[in-house]
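One structure is given below, encoded as structure tokens.
When reading the values below, keep in mind they use all heavy atoms of this one structure, side chains included, and skip hydrogens, waters and symmetry mates. Numbering starts at 1 and runs along the sequence shown.
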Amino acid sequence: MLRYVLRRLVQALIVLWGAVTVSFAVLQLTPGDPVRIMLGGAGDAAAAASPEQVAALRAELGLDLPLWQQYLDFLGRVLTGDLGTAYSTGQPVTAEIAQALPVTVELGVAAIATSVVAALVFALLGVLLPGAGLRSLFQSVTVLGVAMPSFWVAIVALQLFSFRLGWFPAFGSDGVVAVVLPALAMAVLTAGTLAQVLTRGLKDALTEPYADTARAKGLSEVRVVLGHALRNASLPVFTMVGMMVGGVLGGAAIVETIFGRQGVGQLFVEAVRAHDFPLIQALIILTGGVFVLVTLAVDLLYPLIDPRVVAPYRSGRTGGVDLTARTEVA
């Protein structure tokens, strides 16, 4: 188990270092002069900037140093939590993110919870309802969910539930009610995907010998599904949920913009529009860091669900284990 944990920690650190390096490269690979872009691009604002202003901003960003020194200084500032100042607002980058992050966390938690609950309900109904017609109906609904992009669901939800029925506020991020429609818009696509994966897993699990043995003992189909098949079928879903958590920050940009929520997604859009490179770099690091931490947490929790994961590390092999093997979890 210790070898498994250490291996996952090393992998997480490598990925996090990669995210920080990509963030650094964003400024270096920007076409043109990043300083003049921040001062107004090729327009009148950049042309009106004095040489002193250009030199001051270049020094502030550390662009007057050799590339290797810029990179080492950037790594040092990241390690100490000094991500610089947002050029568009003059506020520390960490303060800008700290103000927007709770709004996105609220949206992400609501969207993921809605996705998981909806996927579980539709998957269970898709295998437990009497009659092949009813089961096919619920399975078809999940396909429809996968086909509907978040921005389309958001626009339809606004038109129906806000503008026409007036049940929910159209814009803003104040109160629990304001998160319902954005969470629904983000949840539809992922719920459909999770439901399809879980339904397929349940169907496969119900054909395994342990399911036949449970039925032979007199267990009802509901108890076979909930007590035996569901645990095996949930393993890939658990991994997907972890990936969803890591992708919330990136996926929230469109939804937060449509609903006017002042979260991290909206902050990223505003940073791109303002060519605020320090803020863009910090948001890239934040997104990568969240993804790494969530993925690491999933990897560390996985052995509790499927003990086979750490078996190769006990025996000295590190080739991994086939998590799709259709045998019952001990």
Side-chain angles (χ1 to χ4, degrees), residues 110-150 152-153 183-248 251 294-295 297-312 319-330:
I112 292 172
T114 303
S115 298
V116 172
V117 172
L120 182 61
V121 170
F122 276 88
L124 290 177
L125 291 176
V127 297
L128 288 176
L129 281 175
L134 282 176
R135 293 195 297 269
S136 298
L137 175 62
F138 277 89
Q139 294 170 20
S140 300
V141 171
T142 63
V143 176
L144 182 62
V146 174
M148 296 189 296
S150 298
W152 184 85
V153 176
L184 177 64
M186 290 187 65
V188 170
L189 177 62
T190 52
T193 304
L194 290 177
Q196 285 188 322
V197 174
L198 185 56
T199 301
R200 175 65 179 273
L202 287 172
K203 286 182 176 181
D204 291 343
L206 289 173
T207 63
E208 293 300 316
Y210 64 80
D212 294 334
T213 302
R215 295 187 187 99
K217 292 180 179 179
L219 296 181
S220 65
E221 193 68 10
V222 174
R223 293 188 63 185
V224 172
V225 171
L226 297 180
H228 297 272
L230 183 59
R231 186 178 182 186
N232 274 345
S234 65
L235 295 177
V237 175
F238 182 71
T239 302
M240 292 181 64
V241 170
M243 296 177 64
M244 286 169 50
V245 174
V248 162
V294 172
T295 304
V298 170
D299 287 340
L300 296 182
L301 289 174
Y302 222 119
L304 301 179
I305 302 175
D306 187 356
R308 294 172 299 167
V309 173
V310 297
V321 64
D322 183 8
L323 299 180
T324 62
R326 293 186 291 180
T327 55
E328 186 174 20
V329 176

Please tabulate, one pair per line, all N/O donor-acceptor pairs under 3.5 Å involving side-chain atoms of residues 112-133, not counting sequence neighbours.
residue: T114; atom: OG1; partner: A110; partner atom: O; Å: 2.7
residue: S115; atom: OG; partner: A111; partner atom: O; Å: 2.8
residue: S115; atom: OG; partner: A187; partner atom: O; Å: 3.3
residue: S115; atom: OG; partner: T190; partner atom: OG1; Å: 2.6

>> Within this structure, what is the CG-OG1 distance for the pair L194 and T199, rounded to the nearest 0.5 Å?
In response: 10.5 Å

> Excluding sequence neighbours, so at least two apart, what forms side-chain hydrogen bond (donor to acceptor under 3.5 Å, both in side chains) with R215?
Replying inline: D212, E221

